[in-house]
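Below you'll find the structure, written out as structure tokens, and then a few comments.
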Protein chains: 2
Amino acid sequence: MAERKQPDRRRQVMEAAARSFETFGYKGTTMDQVAKLAQVGKGTIYTFYANKEELFEEIMKGLIQELKVVADETQDGKLPFADNLMNVLHKVSDYRDRHALAAKLSQEVRDIGTPMAKEGLEKVEKAIIGYIARHVKEASDKGEIRPCSPELTAYMMLKMYLALTAEGHHLHEPLGKEEILESFRFYCFEGLAIR
Amino acid sequence: MAERKQPDRRRQVMEAAARSFETFGYKGTTMDQVAKLAQVGKGTIYTFYANKEELFEEIMKGLIQELKVVADETQDGKLPFADNLMNVLHKVSDYRDRHALAAKLSQEVRDIGTPMAKEGLEKVEKAIIGYIARHVKEASDKGEIRPCSPELTAYMMLKMYLALTAEGHHLHEPLGKEEILESFRFYCFEGLAIR
DNA sequence: AACTGACCAAAATAATAATCCGGTCATTTC
DNA sequence: GAAATGACCGGATTATTATTTTGGTCAGTT
């Protein structure tokens with residue numbers, strides 16, 4: 001009963017859109033282009049999605065889903081919270097950097113500042129913070145770390161991680177992977193105070 | 001002997017430039033404008049400064065100097081390092097936010113991304129980090145805080161402080177002054193680890 | 001009923017004209 | 001004759017206009 005008597009147009013559109021957004025960015029993909037790639041009349045797209053924005057959001061949801069899978073796969077129940085956290089940050093950041101769609105959108109924001117592209121990437125960041133926040137809460141409840149606001153803590157963790165991995169602004173030497181891990185543990189978990 | 005038989009043209013130029021840059025931004029000030037404000041022929045400016053860039057750098061040096069004075073005045077030898085640090089961060093950030101030149105340049109970078117304006121603000125940030133780094137090193141030598149790389153630590157401190165004070169990106173609620181201080185102490189000095 | 005693509009207005013881009021501005025230097029001032 | 005000036009230059013920027021593109025619609029086809 002799963003015969004495709006008719007080609008699945010919704011899937012065709014989604015896949016075409018995904019390819020187009022990651023190749024040409026948000027601004028660079030046109031609805032005509034997507035229709036052509038999907039081998040579908042342009043009007044057909046509008047039977048599934050109200051507009052370009054909605055189509056884009058659907059694709060971004062997919063990226064966030066992928067990141068969640070990567071993060072879940074990285075977690076190891078036997079490891080302490082700090083190790084899991086650092087592994088997840090590393091893996092997710094790495095995956096995001098390498099993912100064609102995210103990379104293209106970053107470049108688009110840098111180069112021409114497309115608002116939709118910025119918004120999309122913000123949603124990804126927000127999803128990452130939400131994901132971390134859930135695990136922070138869990139660790140906090142289990143007494144693995146000190147009590148804290150999960151949301152704010154997750155936000156600070158991501159900011160600290162990004163500050164350490166950031167290069168480009170020549171404010172500090174680019175750090176090696178080991179240095180990043182060590183520094184992250186130092187600043188995020190241990191703190192500067194004498195104990 | 002300190003009579004001003006001739007008007008001090010260098011000073012006139014500097015003051016005019018300072019007023020112009022803080023009113024119109026880097027791009028918005030023209031050399032003609034500065035000459036007129038300084039009541040000086042345009043060519044005269046070029047006897048003191050090789051070009052517009054150099055004139056701008058002179059003015060930025062002045063801003064950095066002002067910030068250093070504010071920071072030094074904020075320090076209180078009797079207070080522990082953490083308190084001094086937080087006071088300095090608060091005062092300097094506040095002063096910078098209110099300073100017309102810095103405010104204008106920030107807006108210019110946001111709105112049109114003038115490279116020179118960005119560069120100038122980066123120099124300010126670098127100066128702040130350098131200043132903090134010196135005090136971190138001192139505190140570290142005195143054993144007030146754990147041993148650490150002063151440069152990297154100062155960088156991380158500023159980033160953490162800015163992350164906490166940042167609003168606009170709606171990634172977390174804007175925090176009150178007390179919450180900022182408390183959170184900064186928590187994340188920067190105490191750390192998440194159970195002790 | 002599902003699908004299509006010619007069509008439209010608005011927005012983006014390209015082409016062109018007009019203006020501005022950093023920097024120079026021959027001339028003037030003292 | 002050293003210091004100061006401002007008219008002047010060409011490259012860059014901006015304003016103006018013409019042209020093309022594009023998101024979205026809908027009358028017509030399958």
Side-chain angles (χ1 to χ4, degrees), chain A residues 3-21 23-60 104 108-109 111-120, chain B residues 3-21 23-60 104 108-109 111-120:
Chain A
E3 298 301 304
R4 47 170 125 55
K5 7 193 275 199
Q6 248 84 307
D8 179 352
R9 306 203 186 272
R10 189 177 231 276
R11 168 164 303 279
Q12 283 170 278
V13 170
M14 268 197 46
E15 283 171 3
R19 266 186 298 159
S20 186
F21 281 128
T23 312
F24 305 109
Y26 180 80
K27 169 158 212 221
T29 81
T30 72
M31 296 304 261
D32 274 317
Q33 167 87 295
V34 172
K36 193 156 290 175
L37 270 175
Q39 290 174 292
V40 142
K42 187 159 58 147
T44 305
I45 300 177
Y46 289 89
T47 64
F48 301 124
Y49 303 97
N51 48 39
K52 189 182 178 182
E53 235 171 88
E54 208 172 272
L55 176 58
F56 180 63
E57 273 160 23
E58 177 88 1
I59 303 302
M60 288 309 287
K104 184 70 198 176
E108 192 178 349
V109 170
D111 294 352
I112 50 176
T114 317
M116 273 307 291
K118 194 188 302 195
E119 215 171 287
Chain B
E3 298 303 304
R4 44 170 127 57
K5 2 192 278 202
Q6 249 85 306
D8 181 350
R9 305 196 189 276
R10 188 178 232 274
R11 170 165 299 280
Q12 282 171 278
V13 170
M14 268 196 48
E15 283 172 4
R19 266 185 298 159
S20 186
F21 281 129
T23 313
F24 305 108
Y26 180 81
K27 171 160 210 222
T29 78
T30 72
M31 295 305 258
D32 274 317
Q33 167 87 294
V34 172
K36 192 156 294 176
L37 271 175
Q39 289 175 290
V40 142
K42 185 156 61 146
T44 304
I45 301 177
Y46 288 88
T47 65
F48 300 125
Y49 303 98
N51 48 42
K52 189 181 178 181
E53 239 172 83
E54 210 173 87
L55 176 57
F56 180 63
E57 273 159 22
E58 178 87 0
I59 303 303
M60 289 308 286
K104 184 69 197 176
E108 192 176 349
V109 170
D111 294 352
I112 52 176
T114 317
M116 272 307 291
K118 194 187 304 193
E119 217 171 283

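Naming: A, B, ... by sequence-line order, numbering from 1 per chain.
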Expressed as a whole number of angstroms, how long is the span from [X]:[atom1] to [N]:[atom2]?
X	N	atom1	atom2	answer
A/D8	C/dA2	CG	P	14 Å
B/Q12	D/dA4	CD	C1'	12 Å
B/L55	C/dC21	CG	P	16 Å
B/K36	D/dA7	NZ	C1'	13 Å

Respond yes when some side-chain nitrogen or oxygen of A/R9 is under 4.0 Å from OP1 or OP2 of C/dC3, and no when none is.
yes

Taking for each residue the nucleotide of DNA chain D bearing the nearest heavy atom, is the 5' side occupied by B/I45 or by A/G28?
B/I45

Who are the side-chain contact (heavy atoms from CB on, under 4.5 Å) partners of [X], not counting sequence neighbours?
X	result
B/E119	B/M116
A/A35	A/K42, A/I45
A/K27	A/E108, A/I112, A/T114

Are any non-hydrogen side-chain atoms of B/L55 and B/M31 less than 4.5 angstrom apart?
yes

A/F56: what forms a ring-ring contact (aromatic ring centres under 6.0 Å, His included) with it, not counting sequence neighbours?
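For A/F56, the residues satisfying ring-ring contact (aromatic ring centres under 6.0 Å, His included) (neighbours in sequence not counted) are A/F21, A/Y26.
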
Which letters describe nucleotides 23-30 of chain D, given B = protein heavy atom under 4.0 Å from base, S = only from sugar-phosphate, - = neither?
BBBB----

Using side chain to side chain donor-acceptor pair (under 3.5 Å) as the criterion, list what pairs up with B/Y49, not counting sequence neighbours.
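Here the qualifying residues are B/R10.
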
